[in-house]
Amino acid sequence: MAEDASNHDAKQRKTLDERARMSELEKLRHSTAHVMATAIAKLWPDAQFAAGPPVENGFYYDVDLEHRITPDDFEAIEAEMTRVVKENQVFERAVVSRDEALALAQSGRLAALGERAAPSRFKVDLLGDIPVGEEISLYKNGDFWDLCAGPHVPRTGNCKAFKIMNVASAFYKGDAGNPQLQRVYGTAFKNKTELAEHLERLEEAKKRDHRKLGKELDLFHIDEAVGQGLILWKPNGATIRQELQTFIGEHLERQGYSQVFTPHIGKLDLYRTSGHFPYYADSQFPPVLEREQLKKLSDEGCSCGELSNRLKEGSVEGFLLKPMNCPHHIKIFQSGHHSYRDLPIRLAEFGTVYRWEQSGELGGMTRVRGFTQDDAHLFCTEDQVAGEVMGCLELVKIVLGTLGMSEYRVRIGLRDPDSTKYVGDPANWDRAEAALRGAARSLGTEFTEEAGEAAFYGPKIDFVVRDVIGREWQLGTVQVDYNLPERFGLSYIGSDNQPHRPVMIHRAPFGSMERFVGVLIEHFAGKFPVWLAPEQVRVLPISEKFAEFADSIAGALREARVRVTMDASGDKIGAKIRLAQIDKVPYMLVIGNREQETQEVSIRHRDRGDEGSLGVMAFRDRVVGEIRSRSL
RNA sequence: GCUCUUGUAGCUCAGGGGUAGAGCACUUCCUUGGUAAGGAAGAGGUCACGGGUUCAAAUCCCGUCAAGAGCUCCA
């Protein structure tokens, strides 16, 4: 698991050639990072700067500083930056020898406004990372000199639209063994208008954050008393999840899957066989011991460390909350003999798994400790692998297509050749990787190949989407596995009457229901299509006089299995509409005297507004049609 | 797990060493109104939890738990 540091650096470090290709906006942001460093150095001369690159939506500069920078300081920093910008200092490039650079760094002159008692220690270190023979350059704006390969905009006056966004912590060079620095994030644009637009977009993004909408729309709840990262699905959220499960269930039937149910725990030995325990013990909930065992151990005065050792070596038995569903499904497969004529066998289950994610990683529904995979395991012959993988990819495409999710990327996760965390024969890995590559090609979508992204038992194809904050999440996944069949000694009888090893495919089109729904909430900004909306129609009588007619309409819709409610409050129609809009109900039916006389309903759609009127049954048929077709 | 920030009513938040405030939501009453807020009254909180300082703590300090941002991690 240990990461090769040099390899990591090689990935991080840009060549001078790559740097030269920096876009105008990146240059501007990089230069603004220098302006910010200038301001921070002015305010706190003891500041020690590390790296300050442009990033996707702005830039940051890492700084080590006695003073803790808080949002209260932003105003002062920005004021100082504005001063530097007004002075319109030239970004002056100076090529120096390694010795000159080192001398300046030693005298504290780099990333500083003047010489200092302490050396510019990160710059000294960074100098050591510059390959021999590569040109070493400084950039100077006013008195602020920094070790920097550039490039930069001509003058500080070009940095006229910027804002400091937030401050967080980061390990020096991204290594948890290194000291933590304060990372000050900012953003910069060509002009104030573009900056304002960007800030506006951020505000919009905040509004569709699934954590906020989850509360507003009563979709889910996380309770301290239950535990971190454990999702309580409220009725509205449960409806959405149920619809999704029914939806995929229909396709599973079509594709010849069998539905199974398995318990949430299994014996430790099961996971010793699969390789989950003790190898991944740190990312699992601790084992559950049998009562008798526990008593015996406590009588013996067994220490924690010793218990841990005995669990590892297997002299103490216990149960594990399942971190994956595969071992249970494998045991179902193994409970009978199988002929090649039976294959492929496809076992599907909405299986809930538990993983001990680090507390700092948890958030909303996208990273949790208990989640339900729309899991399935396909047991097939070597010849069937390609076709089955295609079928799985097809399913993922149907899911994403039905929901109108086109903003995703496809990634083939390959093993990292330098890592030892993978199980199995390299030859099997090669075959599996080739199979996936072939399937991805015929998918007709662009894909990337990434080393080190494989599962421990095999390579995979992932569908990755972004949330509103720009973070990437793996949703759908298809994995080819030659290794677990080996570990469990699976077999089927071939046409030659000899036992053969089946190949396993793990796949989950949604990934996990929690993460998927979290992303889906943001995708739709809470405005779910009718088939998914927890409340599909709300009947709004204009006054109590029409309650009876309104009730009969609701009844007719309910009869057709439309999720309908009636707002029987004493509010005026304007208020009722407002509430229904806030609840993002797709259809509102306004019912008053006119409707009662004509036996029609006045339709108002959440987004399209007033849509005129229609007979009750005609409206019913229209809504039912939309639901059936799962239209967007 | 680490660093910083935060935790006050169901929700959004104000306040702040002298034992609690607003708006929305909720309950009741008045109003019976045609496409995004009619009016009135009422109810609702050990100010996350546990310690400490103080005559006095929701407020200051320490710890715990939880949330947010980032880093590290992610079968």
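Naming convention: chains lettered A, B, ... in sequence-line order (proteins, then strands); numbering from 1 in each chain.
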Checklist entry - Quick one: are A/Lys173 and A/Asp62 in side-chain contact, heavy atoms under 4.5 Å? => result no

Item to check | Beyond-backbone contact of A/Leu311 with A/Phe277, side-chain heavy atoms, under 4.5 angstrom | outcome: yes

Just say parallel, tilted or perpendicular for the rings of [X] and [Y], cut-offs at 30° and 60°.
{"X": "A/Trp44", "Y": "A/His67", "answer": "parallel"}
{"X": "A/Phe510", "Y": "A/Phe516", "answer": "tilted"}
{"X": "A/Tyr271", "Y": "A/His328", "answer": "tilted"}

Under 4.0 Å, heavy atoms only, any strand: does [X] hit a base, just the sugar-phosphate, or nothing?
{"X": "A/Gly592", "value": "base"}
{"X": "A/Tyr185", "value": "sugar-phosphate"}
{"X": "A/Gly570", "value": "base"}
{"X": "A/Ile542", "value": "base"}
{"X": "A/Gln479", "value": "nothing"}
{"X": "A/Asn593", "value": "base"}
{"X": "A/Leu181", "value": "nothing"}
{"X": "A/Ala580", "value": "nothing"}
{"X": "A/Glu595", "value": "base"}
{"X": "A/Arg604", "value": "base"}
{"X": "A/Val167", "value": "nothing"}
{"X": "A/Gly364", "value": "sugar-phosphate"}

Next on the checklist: If you assign A/Ile591 and A/Leu579 each to the RNA chain B nucleotide with the nearest heavy atom, which residue ends up on the more 5' nucleotide?
Outcome noted: A/Leu579

Checklist outcome for this item: Of A/Glu357 and A/Glu224, the one whose closest nucleotide on RNA chain B sits nearer the 5' end is A/Glu224

Provide the Watson-Crick or G-U wobble partner of [N], both distances under 3.5 Å; none if there is no partner.
{"N": "B/G63", "value": "B/C49"}
{"N": "B/G17", "value": "none"}
{"N": "B/G42", "value": "B/C26"}
{"N": "B/U3", "value": "B/A69"}
{"N": "B/C74", "value": "none"}

Counting side-chain heavy atoms from CB outward, which of [options] is closest to [X]?
{"X": "A/Lys572", "options": "B/A75, B/G38, B/C2", "answer": "B/G38"}
{"X": "A/Arg211", "options": "B/A36, B/G68, B/C4", "answer": "B/G68"}
{"X": "A/Arg578", "options": "B/G34, B/A69, B/A36", "answer": "B/A36"}
{"X": "A/Gln358", "options": "B/A75, B/G1, B/G70", "answer": "B/G1"}
{"X": "A/Ser169", "options": "B/U5, B/G38, B/G70", "answer": "B/G70"}
{"X": "A/Tyr457", "options": "B/U35, B/A75, B/U3", "answer": "B/A75"}
{"X": "A/Ser543", "options": "B/G68, B/A75, B/G33", "answer": "B/G33"}
{"X": "A/Ala575", "options": "B/A69, B/A37, B/A36", "answer": "B/A37"}
{"X": "A/Lys545", "options": "B/C2, B/A75, B/G33", "answer": "B/G33"}

Roughly how far apart, to the nearest Å, are [N] and [M] at atom [atom1]?
{"N": "B/G38", "M": "B/U32", "atom1": "P", "value": "14 Å"}
{"N": "B/A43", "M": "B/U35", "atom1": "C1'", "value": "33 Å"}
{"N": "B/C11", "M": "B/U3", "atom1": "C1'", "value": "30 Å"}
{"N": "B/A57", "M": "B/C47", "atom1": "C1'", "value": "11 Å"}
{"N": "B/U6", "M": "B/U28", "atom1": "C1'", "value": "38 Å"}
{"N": "B/U53", "M": "B/G68", "atom1": "P", "value": "35 Å"}
{"N": "B/C2", "M": "B/G45", "atom1": "C1'", "value": "35 Å"}
{"N": "B/U12", "M": "B/C55", "atom1": "C1'", "value": "37 Å"}

Checklist entry - Does the A/Arg606 side chain pair with the main chain of A/Val585, one donor and one acceptor, at a distance under 3.5 Å? => result no

Item to check | Side-chain (A/Arg29) to main-chain (A/Ala188) donor-acceptor, under 3.5 angstrom | outcome: yes

Integer-rounded Å distance: [N] [atom2] and [X] [atom1]:
{"X": "A/Arg515", "N": "B/A75", "atom1": "CZ", "atom2": "C1'", "value": "13 Å"}
{"X": "A/Gln596", "N": "B/U32", "atom1": "CD", "atom2": "P", "value": "18 Å"}
{"X": "A/Phe285", "N": "B/A75", "atom1": "CZ", "atom2": "P", "value": "17 Å"}

Between [X] and [N], does any side-chain N or O lie under 4.0 Å from OP1 or OP2?
{"X": "A/Arg367", "N": "B/A67", "value": "no"}
{"X": "A/Lys215", "N": "B/G10", "value": "no"}
{"X": "A/Gln228", "N": "B/A66", "value": "yes"}
{"X": "A/Arg355", "N": "B/A75", "value": "no"}

Checklist entry - For A/Tyr280 and B/A75, do the ring centres fall under 5.5 Å apart while the planes stay under 30° apart? => result yes

Item to check | Pair A/Tyr457 and A/His506, ring centroids less than 6.0 Å apart | outcome: yes

Checklist entry - Given the rule in the salt bridge (Lys or Arg N to Asp or Glu O under 4.0 Å) test, do A/Glu357 and A/Arg515 qualify, once you have shown the distances and angles that lead to the verdict? => result CA-CA 14 Å; A/Glu357 303 287 356; A/Arg515 179 177 289 178; over 6 Å; no

